[in-house]
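The next block holds one structure in the form of structure tokens; read it before the comments.
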Amino acid sequence: MKIARILAYRVELPLHETTYKWSGGKSVTVFDSTVVCVETDTGHRGWSEVCPLGPFYLPAYAEGVRAGLRELGPHLIGEDPRQLNRLNRRMDAALKGHPYVKTGIDIACWDLLGQFAGLPVCELLGGRYGDDFPLYRAISQETPDLMASRVAEYRAQGYRRFQLKVGGDPDVDIQRIRAVAAQLQSGDRLVADANTGWVQHEAVRLAHAVRDVDVYLEQPCLTYEECLAVRQQRTHPFILDENIDGLDVLLRALSDRAMDVVNLKISKLGGLTKIRQARDLCVSLGIAMTLEDSWGGDLATAAIAHLAHSTPPELLFSTTDFNSYVTVSTAEGAPQRQNGRMAASREPGLGVHPRMEILGNPVLEVK
Ligand code: MG
């Protein structure tokens, strides 16, 4: 089995809530997502999706996915899509960096491997734990009162884990954390994710001001060193996200005891092959994880579901269902939220069947 053709489709994903806002005034209204198809000489098709959170979250942007595939794709024609470590070495040799571009190829090849083996991707990633797993709900940055009012709405949808978007004015963020925390019930879990939005002294002051609140702090500052300094001065359970983009910095953070939980995103690490390495290392060392991606629709959610479902439940801190945030469905068979929980497909591969009428014509073809 050889890769014969690579196709990319551009899909716009509007939001049910119109706009998603996070730290520093950043926001997105319509996501620009790339659906990738890897086709083999046997006529099999593997699928994936890469959707950056705008151009200002990670070093990634939507048009960069397509440009990167145009550059990388010709090096992969003729390669066996089932030999995933080999394929990833080939990608790393042909294009330095750009993990989000490689993610599109890697996930589609996992889909092909699963179809070929007759097994769901989660079983190939290590095995399916339980019937389903819990989801978190992000609370877009708004006024403290509006954010607090969202908790009851999301709890009615079954969510018990809430990720509050802070990283704005620290004094307002203190109000946001207190207002949302006041809505929590026993068993709920609250994360305040600053998405790099505070400078070090602000983060230390804010953490001190909410020292009595049962809340996790996620990625308060831009650099690893600032985050570590905050971590060493305060006692809230601590999560790192944006800084942890590879095994080298993950190992450093584990050695520094810089976090209690780590947020690993598939396209930040470079695909399922690479995030599996990081995930399995964290499992072995007892570090819990939020496993997700930067954004996406049905196809990204399917890949996240297989990764999450193959992770021991006690170390799966949370994960997400982006396809319920957006108004467009790009595939049949994608996992659907039920009472705040989700499950990976039991079909071979990712178990998704793209809606070609939604994808339209490819914007890129490499053969
Ligand atoms: Mg985060």
Side-chain angles (χ1 to χ4, degrees), residues 2-8 10 32-38 46-113 196 219 222-225 240-255 262-282 291-296 300 303 307 363-367:
K2 290 178 178 167
I3 296 174
R5 198 159 71 125
I6 297 166
L7 301 166
R10 181 180 179 278
D32 178 344
S33 189
T34 301
V35 171
V36 181
C37 172
V38 174
W47 294 92
S48 68
E49 178 180 13
V50 183
C51 185
L53 184 58
F56 31 48
Y57 173 62
L58 292 172
Y61 67 105
E63 193 57 46
V65 182
R66 276 95 68 171
L69 289 170
R70 196 171 287 118
E71 177 71 31
L72 179 62
H75 298 277
L76 307 177
I77 303 300
E79 294 288 323
D80 186 335
R82 300 165 300 181
Q83 299 187 38
L84 280 147
N85 285 6
R86 217 187 109 120
L87 185 75
N88 271 272
R89 282 178 66 88
R90 181 85 191 104
M91 289 199 284
D92 287 342
L95 178 68
K96 195 163 178 67
H98 301 276
Y100 68 115
V101 174
K102 296 165 186 172
T103 295
I105 301 291
D106 180 76
I107 296 175
C109 292
W110 274 95
D111 187 21
L112 284 167
L113 177 64
T196 75
Q219 190 73 40
L222 184 62
T223 67
Y224 176 84
E225 286 73 17
L240 285 177
D241 180 351
E242 281 88 332
N243 292 142
I244 308 297
D245 58 2
L247 279 183
D248 50 354
V249 68
L250 175 62
L251 283 168
R252 182 181 168 199
L254 291 167
S255 170
V262 62
N263 183 315
L264 300 175
K265 294 184 165 71
I266 300 173
S267 63
K268 183 176 65 175
L269 276 289
L272 288 170
T273 303
K274 288 181 175 170
I275 203 171
R276 178 178 62 164
Q277 280 187 301
R279 187 271 312 263
D280 289 348
L281 180 66
C282 288
L291 296 172
E292 58 170 344
D293 211 330
S294 47
W295 203 271
L307 178 67
V363 294
L364 172 70
E365 177 183 17
V366 177
K367 61 182 180 181

- request: Taking the side chain as every heavy atom from C-beta outward, state whether L87 and I3 have any atom pair closer than 4.5 Å.
  value: yes

field: Listed partners of Y61 passing ring-ring contact (aromatic ring centres under 6.0 Å, His included), at least two apart
entry: none

query: Looking at side-chain heavy atoms only, is the closest gap between T103 and V65 below 4.5 Å?
result: no

message: Quick check for you: to the nearest 0.5 Å, what is the distance between I266 atom CD1 and T273 atom OG1?
response: 10.5 Å

Test: D80 and R90 ion pair at under 4.0 Å: no

W110: partners by ring-ring contact (aromatic ring centres under 6.0 Å, His included), with sequence neighbours left out: none

task: Measure across C282 and V262 and return the closest heavy-atom pair with its distance rounded to 0.1 Å.
output: SG-CG1, 3.8 Å

query: Does anything in residues 68-78 pair up under salt bridge (charged side-chain N to carboxylate O under 4.0 Å, His left out), and if so which pairs, sequence neighbours excluded?
result: none

Under 3.5 Å: donor-acceptor pair, side chain of S267, backbone of Y100: no

Closest non-hydrogen atom pair, K265 against D293: CE-O, 3.6 Å

- request: Show your working on side-chain contact (heavy atoms from CB on, under 4.5 Å) between I6 and L72 and close with a plain yes or no.
  value: CA-CA 10 Å; I6 297 166; L72 179 62; over 6 Å; no

L58 side chain near L53 side chain, heavy-atom distance below 4.5 Å: no

field: Nearest-0.5 Å distance, CG of residue L364 to CG of residue L7
entry: 7.5 Å

Expected output: side-chain Q219 to main-chain E242 donor-acceptor under 3.5 Å: yes

- prompt: So, do L272 and L307 sit near enough that their side-chain heavy atoms are less than 4.5 Å apart?
  reply: yes

task: Report yes if some heavy atom in the side chain of T196 is under 4.5 Å from a heavy atom in the side chain of D241; otherwise report no.
output: no

field: Distance (rounded to the nearest 0.5 Å) between L112 CG and I107 CD1
entry: 12.5 Å

Minimum heavy-atom distance A253-Y224, with the two atoms named: CA-OH, 3.2 Å

- request: Kindly indicate whether the side chain of I105, heavy atoms from C-beta on, has any atom under 4.5 Å from the side chain of V38.
  value: yes

query: Run the side-chain contact (heavy atoms from CB on, under 4.5 Å) check on Q277 and N85 step by step: do they pass?
result: CA-CA 11 Å; Q277 280 187 301; N85 285 6; over 6 Å; no

- request: Measure across L84 and C109 and return the closest heavy-atom pair with its distance rounded to 0.1 Å.
  value: CD2-CB, 3.7 Å

query: Between D106 and R276, is there a salt bridge with N-O shorter than 4.0 Å?
result: no

- prompt: Would you call D245 and P99 a side-chain contact if the rule is heavy atoms closer than 4.5 Å?
  reply: no

field: Heavy-atom pair of closest approach, residues C51 and S294
entry: O-OG, 2.9 Å

- prompt: If we only count heavy atoms from C-beta on, is the M91 to V101 side-chain gap below 4.5 Å?
  reply: no

field: K268 (side chain) donor-acceptor with I244 (main chain) under 3.5 angstrom
entry: yes

message: So which atom in L269 and which in A278 form the shortest heavy-atom distance, rounded to 0.1 Å?
response: CD1-CB, 4.3 Å

query: Please walk me through it: do I77 and V366 pass side-chain contact (heavy atoms from CB on, under 4.5 Å)?
result: CA-CA 8 Å; I77 303 300; V366 177; 4.3 Å; yes

